[in-house]
Amino acid sequence: MRELLELQTGQVAFISGLMSGFSLSIAAHVLRYGLRSRVAQVVFLLFLLSSLLFLIALYTDVRLSIELAGLDTMPQSLLDKVSMVRSLGTACATIALFMFVLATGLLGWMSSSIVGIFSSLIAIATFSALWFVWENVNAISSAVSRLP
């Protein structure tokens, strides 16, 4: 169980750090080029917020790894607290990922209407796939929590 928790925490931390950097880099490019359209402002804010939410997820998982290092067993009360904190970090990462996809879909509109339509369609398909996965993983999680 311990090894699985460490593996999951490390994976979420890595992906969150990577995605935070991507989000902030894109936000900086939008800001650097001084695009002042309403779409550019929304894209900038979505990527910035996405980056910050990924940082919360990163901090949560890294801090938990540090605090729990060396523990072989944990009482149920501690496991419940760890689960609650990890849920917050995972929720931040999930919201950030949805915002990243939304902002990516809007990027095309900064180029032209045709590119905007295609980027929006791709983003909608990606968003739908993510939503499907999210719903099914939640269903699996609920089923697992009811197991004896």
Side-chain angles (χ1 to χ4, degrees), residues 1-69 74 78-147:
M1 177 66 171
R2 174 86 181 132
E3 294 81 19
L4 181 61
L5 180 64
E6 288 175 359
L7 178 65
Q8 291 170 340
T9 300
Q11 289 173 341
V12 172
F14 173 75
I15 291 168
S16 294
L18 190 67
M19 293 300 293
S20 178
F22 285 152
S23 297
L24 192 57
S25 176
I26 296 167
H29 279 285
V30 171
L31 189 63
R32 178 178 174 223
Y33 289 108
L35 302 171
R36 300 288 179 227
S37 71
R38 206 43 101 191
V39 174
Q41 292 171 358
V42 170
V43 166
F44 171 77
L45 290 174
L46 285 171
F47 277 123
L48 184 63
L49 187 54
S50 175
S51 178
L52 295 174
L53 287 171
F54 277 125
L55 279 178
I56 292 170
L58 172 64
Y59 176 77
T60 301
D61 286 332
V62 169
R63 180 72 194 269
L64 275 176
S65 293
I66 291 168
E67 294 300 325
L68 300 175
M74 291 184 259
L78 183 57
L79 281 173
D80 291 341
K81 287 182 182 180
V82 168
S83 178
M84 189 247 332
V85 171
R86 284 200 75 235
S87 292
L88 175 66
T90 302
C92 286
T94 302
I95 293 167
L97 184 58
F98 281 108
M99 293 178 111
F100 185 89
V101 171
L102 178 62
T104 302
L106 290 175
L107 272 176
W109 291 99
M110 293 169 50
S111 175
S112 71
S113 295
I114 294 294
V115 175
I117 290 169
F118 282 113
S119 66
S120 293
L121 290 173
I122 293 168
I124 289 169
T126 304
F127 197 89
S128 298
L130 286 172
W131 188 265
F132 175 81
V133 169
W134 183 74
E135 285 283 325
N136 284 286
V137 169
N138 282 343
I140 291 167
S141 177
S142 294
V144 167
S145 69
R146 287 188 300 248
L147 291 175

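Treat the numbers as computed from the prediction; the structure is a model and nothing was measured.
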*Asks:* Please name the pair of heavy atoms, one in Gly17 and one in Leu58, separated by the smallest distance, quoted to 0.1 Å.
*Replies:* CA-CD2, 4.0 Å

*Asks:* To the closest 0.5 Å, what do you measure between CG (Asn136) and OG (Ser141)?
*Replies:* 12.0 Å

*Asks:* Looking at Ser50 and Met99, what are the two nearest heavy atoms and their distance?
*Replies:* CB-CB, 4.2 Å

*Asks:* Which heavy atom of Ala93 sits nearest a heavy atom of Ala57, and at what distance?
*Replies:* CB-CB, 3.7 Å

*Asks:* Please work out which of the three classes, parallel, tilted or perpendicular, describes the rings of Phe127 and Trp131, given edges at 30° and 60°.
*Replies:* parallel

*Asks:* Just verifying a value: how many Å separate Leu102 CG and Leu49 CG, rounded to the nearest 0.5 Å?
*Replies:* 11.0 Å

*Asks:* Quick one: does any side-chain atom of Ser20 pair with a main-chain N or O of Ser16 as donor and acceptor, under 3.5 Å?
*Replies:* no

*Asks:* Quick one: does any side-chain atom of Ser51 pair with a main-chain N or O of Phe47 as donor and acceptor, under 3.5 Å?
*Replies:* no

*Asks:* Within a radius of less than 6.0 Å around CZ of Phe44, do more than 12 heavy atoms belonging to other residues, nucleotides or ligands occur?
*Replies:* yes

*Asks:* Please name the pair of heavy atoms, one in Leu48 and one in Leu24, separated by the smallest distance, quoted to 0.1 Å.
*Replies:* CD1-CD1, 3.9 Å

*Asks:* Taking the side chain as every heavy atom from C-beta outward, state whether Val30 and Met110 have any atom pair closer than 4.5 Å.
*Replies:* yes

*Asks:* Quick check: do Phe22 and Phe100 have side-chain heavy atoms less than 4.5 Å from each other?
*Replies:* yes

*Asks:* Surrounding OH of Tyr59 (heavy atoms of other residues, nucleotides or ligands, distance under 6.0 Å), is the total greater than 12?
*Replies:* no

*Asks:* Working to the nearest 0.5 Å, report the span between CG of Leu88 and OG of Ser83.
*Replies:* 11.5 Å

*Asks:* How long is the span from the CG atom in Leu106 to the CG atom in Leu46, to the nearest 0.5 Å?
*Replies:* 6.5 Å

*Asks:* Got a donor-acceptor contact below 3.5 angstrom from the Ser25 side chain to the Gly21 backbone?
*Replies:* no

*Asks:* Please assess Ile117 against Trp109 for the test side-chain contact (heavy atoms from CB on, under 4.5 Å), listing each intermediate value before the final yes or no.
*Replies:* CA-CA 7 Å; Ile117 290 169; Trp109 291 99; 3.7 Å; yes

*Asks:* Of the non-hydrogen atoms in Leu64 and Val82, which two are nearest, and what is the gap between them?
*Replies:* CD1-O, 4.3 Å

*Asks:* Hey, what do you get for CG (Leu55) to OG1 (Thr60), rounding to the nearest 0.5 Å?
*Replies:* 10.5 Å

*Asks:* In Å and rounded to the nearest 0.5 Å, what is the CD1 to OG1 distance from Ile95 to Thr90?
*Replies:* 11.0 Å

